[in-house]
Amino acid sequence: MVEVIDGKTVAASVIQTVKSTTAALEKMSGLTTGLAVVIVGDDPASHAYVGSKSRMAKECGFKSVQHTLPVETKQEELASLVATLNADPSIHGILVQLPLPKPLDSEPIIQSILPEKDVDGLSVVNAGKLATGDLKTGLVSCTPAGAMVFVRRTHGEDLSGLNAVVIGRSNLFGKPMAQLLLNANATVTIAHSRTKNLAEVCRNADILVAAVGRPEMVRADWVKPGATVIDVGINRVPAPDKGEGKTRLVGDVALAEVSTVAGTITPVPGGVGPMTIAMLMANTVIAAHRTAGQVLPKF
C-alpha cells in the first residue's frame, strides 16, 4: 500500500516547533521574532496569501508587521521601505509578496533584502550558499525546504546510494531542490522540457520530484515501483462533474494512477502546499536565533 503524506499534519508539527522555539528564544534572550510582509496592489490571491502568512506569524508568537502599498507605488518608494526594514533590528524576516504589479521590477527589490533577513531564500547570496553546501548560514527557499522535510522523514538524513530526479529547473524550486538532495548525498538528475526520453529518466528515480506546472504529466509507467514521489505542481483543470464552469486542483502527477506504483506520494492539494508557509515561519525563527547567537532549531 502506498503511503500518502499528509502535508497538513507535517506542517502542523513544524509550526509547533516554531512556536516552542520562539517562546524559548524570547524567554532566554528577551528577543521577539519579527516578520515584515510587504504587499503592493490589490490582487485578491496575493492578499489571501499575505493574510494567511500574517495570521500564522501572530499565532507563532512573532511580531507581525504588514505593509500594504497602493498599486501606483513607485520603485524608489518600495526600495526605501525595504531599506527601512533592513535597518530595523526588531525585524528578522522580510517578505515581499510576488508578483509585483507592473511596471515594478521585483528582482532589484528581492536582491536588496539583506540575505540574513531573506526568509523567502531568493537572494543570490542565499542561492550561492545553498549551491556551495553552506546550510549553516544561508536561508533556503521555503517550498523546496518543505519538500525536503518529507524526503528526510521518509528516507532519513543521508540519501547515499539513492537516485533522485527533479523535473523542473526553476530558480524558485527546481535548482534549490536539486541542491538540497545533492547536499544529502543523493545522486541527482535535473530534467526539464528539453530532456530526451523523460519517462525513462524518471523510471530510474528512487525519489521523483515533479515541479513543471503540467497537469498530471507524470504517469504510472514513469515511476519506479516503491519510489517516493513529491508533487509540487498546482494546476486548475475543468471539473464538469462538479457543474458548469467548475474546476479542481491537480498536481503534475496523476495521483490515482501513480499511487498504484509508488511507495510514498504527496497529494495535491494537501501535500507540499501547507509546508510553504510553515517553512517561512521556520526560516524567520532561524534568522532570529542567528541574530541572538543562539543554537538553531532543527526542522
Side-chain angles (χ1 to χ4, degrees), residues 1-15 41-53 55-56 97-99 142-144 146-151 153-154 165-170 172-174 177 191-193 195 197-203 205 207-280:
M1 279 290 290
V2 67
E3 181 199 352
V4 180
I5 294 175
D6 183 345
K8 289 180 181 174
T9 301
V10 179
S13 74
V14 171
I15 291 296
D42 44 22
D43 178 68
S46 289
H47 274 275
Y49 286 136
V50 163
S52 59
K53 288 168 184 172
R55 279 192 301 276
M56 184 58 77
Q97 183 65 36
L98 302 176
C142 301
T143 306
M148 199 62 194
V149 171
F150 293 156
V151 172
R153 288 188 180 211
T154 304
V165 173
V166 179
I167 317 172
R169 53 178 168 178
S170 70
L172 196 62
F173 184 85
M177 186 73 213
H192 46 81
S193 58
T195 301
N197 304 322
L198 182 55
E200 197 177 308
V201 171
C202 292
R203 273 194 290 274
I207 301 164
L208 178 59
V209 186
V212 281
R214 289 180 58 185
E216 300 182 321
M217 181 181 80
V218 177
R219 317 302 300 194
D221 62 354
W222 291 35
V223 177
K224 181 179 182 178
T228 296
V229 179
I230 308 287
D231 189 351
V232 188
I234 300 178
N235 311 286
R236 204 164 273 287
V237 298
D241 54 307
K242 290 184 174 181
E244 192 179 339
K246 297 291 185 183
T247 60
R248 62 189 174 93
L249 285 178
V250 298
D252 291 348
V253 176
L255 180 64
E257 188 183 306
V258 172
S259 293
T260 64
V261 184
T264 304
I265 197 165
T266 64
V268 175
V272 175
M275 294 297 290
T276 301
I277 289 182
M279 297 315 291
L280 173 68

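A quick note: this is a predicted structure, and the numbers were derived from the prediction, not measured.
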Min side-chain heavy-atom separation D252-V232 under 4.5 Å: no
Heavy-atom side-chain contact between I167 and C202 under 4.5 Å: yes
From T276 atom OG1 to I234 atom CD1, the distance as rounded to the nearest 0.5 Å: 7.0 Å
Residue list, side-chain contact (heavy atoms from CB on, under 4.5 Å) with K246, at least two apart or on another chain: K242
Donor-acceptor under 3.5 Å (S170 side chain, F173 main chain): yes
Minimum-distance pair of heavy atoms, taken over all atoms of H47 and G41: NE2-O, 2.8 Å
Partner set under side-chain contact (heavy atoms from CB on, under 4.5 Å) for R214, not counting sequence neighbours: V212, M217
Any donor-acceptor N/O pair, D43 side chain to S46 backbone, under 3.5 Å: yes
Distance, nearest 0.5 Å, that separates CD1 of I207 from NZ of K224: 10.0 Å
Heavy-atom closest pair, residues G7 and M275: O-SD, 4.0 Å
Verdict with reasoning, E216 to V253, per side chain to side chain contact (heavy atoms under 4.5 Å, CB included): CA-CA 4 Å; E216 300 182 321; V253 176; over 6 Å; no
Separation between CE of M1 and CD of E3, rounded to the nearest 0.5 Å: 11.0 Å
Side-chain touch L172/T143, heavy atoms, less than 4.5 angstrom: no
Distance, nearest 0.5 Å, that separates OG1 of T154 from CD1 of I230: 6.0 Å
Spacing of M56 atom CE and I277 atom CD1 [to the nearest 0.5 Å]: 6.5 Å
Main-chain N/O of V237 paired to R248 side chain as donor or acceptor, under 3.5 Å: no
Test item: R169 side-chain N/O and V166 main-chain N/O as donor-acceptor pair under 3.5 Å: no
D42 atom CG, over 12 foreign heavy atoms within 6.0 Å: no
I15 CD1: over 12 foreign heavy atoms closer than 6.0 Å: yes
Pair up each side-chain donor or acceptor in residues 258-272 with any protein partner under 3.5 Å, not counting sequence neighbours, and list the distances.
from	atom 1	to	atom 2	distance (Å)
S259	OG	L255	O	2.6
T260	OG1	E257	O	2.6
T266	OG1	D231	N	2.8

